[in-house]
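Written out below as structure tokens is the structure these notes cover.
Count residues from 1 along the sequence.
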Amino acid sequence: MKRRIASWENGHSTPDDFYGPLLSEAFAASAAELGLSFGEPKDAPVLDAAYPASPDDAIQTVSQLWRADLNQYDPLLTADPSEPAWSEASLRWLVAPEPGVPRPRSEGIRVGLGDVAAVKTTADMFARLDDQFGGEHARHSVLQYLNNDVAPLLRGRFTEQVGRALFSTVAEATLLAGWMSYDACHHGLAQRYFLQALRLAQDANDRRLAGSILSAMSHQATFLGRYTQAATLARAALMGISPVATPTLRAQFHAMEARALARTGDVAACQAALSAAMKALEGRNRDDEPEWITYFDGAELAAEAAHCFRDVNSARQAVAYAENAMSGTHVRSDFFATMVLADAHLRAGDVEEACRVALDALDLGEQLKSARCVSYLAEFRQSLVAAGDSTDVKAFIEQVREHRLWVASDDLVGA
């Protein structure tokens, strides 16, 4: 940043469309008064959590978000999520007319299906990194790719067929940016990415992906304690893709509903949703599922069930499901499942086993850069304090006090 300022002061460059509006706001002066050529401060990054009104609005807004995030625009990184935005987006998607057509363009670079395939392959690579190392590991790199390589494609020349494929693929990549931002606990930013991804999926006429984006919103809402809203979002996902739903998608959406209901304490409704999820998954056929949902298998559903039974204080059932939730291939998911297992053992009164399992989780999560993982550990630590200062607890703390995630969780527990 110091180099940028020096360059501006020496006349070697001028503030661009991102920094220019910020300088206008800081000096309470117009672009003309400062001798700059960008637009007025209204061009500053969009902070409203609003559902775009058109495909062009979605392109403009998501491009602006990528650029502002890449430049670490603090009001965006620290923005709070908006509960009304969840309701507005789900309703507008459910009642939307025929999808807006990504209109063929006559300007910009020529975009073909090969370009779309390149975006898909690159996003898949970033998704694997996210799964193995956490959302904070490569989030900046994802933003660089989206801003530098993908944004020009959205402004390029493409046919309607290519436009549909492009919008769907970019929606999936933006969903990934949302998940990574959520994992980093930039919750307002994550919500905004989810909203833009939903609009892009709508215009691609990709109902299945749109439902999965609503499911992601439900997941985040549960994490943030907005349980009623989370259950509503999961139900909207189920309703909205009903004609094209697959067994795995239905299972995931029912599981998200169950997670939210467990937190409200509605045991009967939670168990009903879980039963529906398990029944749906029995009918899955991997060959008929979208590629991006095939990860949701029996182990993933067991992990969701373990969360549910832990949250309704059925510790033994939580232990049983958590023990079957280890995939062996998804590092972060396995960390979460292991921490839930440790927490369930603790709630069942087995402190020694809880500490042993938590140590396994910390070893597993040593490579993860994830604020969500830190929050799971902090929650376990708070429960551990309530369990008393036993010999097992003291020995465990002595073993783990230098683990990276343990150190990172100190601030959350006031250590």
Side-chain angles (χ1 to χ4, degrees), residues 90 93-94 120 124 127-128 131 168-169 171-172 175-176 179 197-198 201-202 204-222 230-263 266-312 314 317-330 332-334 336-337 340:
S90 58
W93 175 69
L94 282 170
K120 171 65 175 170
D124 287 347
R128 290 191 293 273
D131 179 59
S168 180
T169 302
E172 191 177 340
L175 173 61
L176 174 62
W179 274 113
L198 182 64
Q202 175 187 323
N205 198 25
D206 194 336
R207 301 292 292 181
R208 291 172 175 175
L209 180 58
S212 189
I213 294 165
L214 284 178
S215 179
M217 293 182 185
S218 173
H219 197 292
Q220 183 192 29
T222 294
T232 300
L233 286 164
R235 291 168 187 148
L238 277 165
M239 179 185 300
I241 73 161
S242 180
V244 294
T246 66
T248 304
L249 286 170
R250 285 197 300 270
Q252 187 196 54
F253 300 166
H254 280 302
M256 290 302 98
E257 182 185 9
R259 284 280 300 270
L261 293 170
R263 287 287 192 171
D266 191 339
V267 178
C270 170
Q271 290 180 332
L274 267 182
S275 295
M278 293 173 183
K279 182 177 180 180
L281 198 64
E282 290 173 359
R284 78 191 301 246
N285 181 345
R286 288 178 63 94
D287 294 336
D288 294 333
E289 301 285 348
E291 175 271 332
W292 40 261
I293 195 59
T294 54
Y295 78 92
F296 194 87
D297 54 13
E300 285 287 331
L301 183 52
E304 302 298 350
H307 279 84
C308 292
F309 286 114
R310 179 201 62 177
D311 293 339
V312 299
S314 295
Q317 284 181 284
V319 168
Y321 278 102
E323 287 176 340
N324 293 312
M326 311 304 165
S327 68
T329 56
H330 302 294
R332 183 177 49 207
S333 294
D334 284 352
F336 289 143
V340 170

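Among residues at least two apart or in separate chains, salt bridge (charged side-chain N to carboxylate O under 4.0 Å, His left out) pairs with a member in residues 288-312 are Lys120-Glu291, Arg259-Glu304, Arg263-Asp311, Arg310-Asp343. Counting only residues at least two apart or on different chains, no ring-ring contact (aromatic ring centres under 6.0 Å, His included) pair has a member in residues 281-304. Applying the salt bridge (charged side-chain N to carboxylate O under 4.0 Å, His left out) definition to pairs two or more places apart or across chains, those involving residues 235-246 are Arg235-Glu257.
Counting only heavy atoms from C-beta outward, the side chains of Phe253 and Ile241 approach each other to under 4.5 Å.
Proximity of a side-chain donor or acceptor of Ser275 to a complementary backbone N or O of Gln271 within less than 3.5 Å is detected. A donor-acceptor pair under 3.5 Å links the side-chain atoms of Ser327 to the main chain of His330, judged by distance alone. In this structure a side-chain-to-backbone donor-acceptor pair under 3.5 Å is present from Asp334 to Gly328.
Within the model, atoms OG of Ser215 and CG of Leu238 stand 8.5 Å from one another, a figure rounded to the nearest 0.5 Å.
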(request) Please test Leu198 against Gln202 for side-chain contact (heavy atoms from CB on, under 4.5 Å), starting from the C-alpha separation and ending with a verdict. (result) CA-CA 6 Å; Leu198 182 64; Gln202 175 187 323; 5.8 Å; no

(request) Start with the C-alpha gap between Arg208 and Thr246, add the side-chain angles, then the distance that decides, and say whether side-chain contact (heavy atoms from CB on, under 4.5 Å) holds. (result) CA-CA 8 Å; Arg208 291 172 175 175; Thr246 66; 3.6 Å; yes

(request) Take Asp206 and Glu172, measure what side-chain contact (heavy atoms from CB on, under 4.5 Å) needs, and give me the verdict at the end. (result) CA-CA 10 Å; Asp206 194 336; Glu172 191 177 340; over 6 Å; no

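Closest of all the heavy-atom pairs between Cys270 and Cys308 is SG-CB, 3.8 Å. For the residue pair Leu261 and Ala231, the shortest heavy atom distance occurs at CD2-CB, 4.4 Å. Scanning all heavy atoms of the two residues, the minimum distance from Arg284 to Arg286 falls at NH1-CG, 3.9 Å. Summarising the geometry of Leu209 relative to Ala171, their closest heavy-atom pair is CD2-CB, 3.8 Å, with the distance given to 0.1 Å. Smallest separation of non-hydrogen atoms from Arg207 and Gly240: NH2-O, 2.9 Å. Minimum heavy-atom separation, Ala280 to Pro247: O-CB, 3.2 Å.
Remark: His254 engages no residue in a ring-ring contact (aromatic ring centres under 6.0 Å, His included) (not counting sequence neighbours). Annotation: side chain to side chain contact (heavy atoms under 4.5 Å, CB included) contacts of Ala236 (sequence neighbours excluded): Ser90, Leu94, Leu214. The ring-ring contact (aromatic ring centres under 6.0 Å, His included) search around His219 returns Trp179, Tyr182, not counting sequence neighbours.
For Phe309, the CZ atom sits in a packed shell: over 12 heavy atoms of surrounding residues, nucleotides or ligands are nearer than 6.0 Å.
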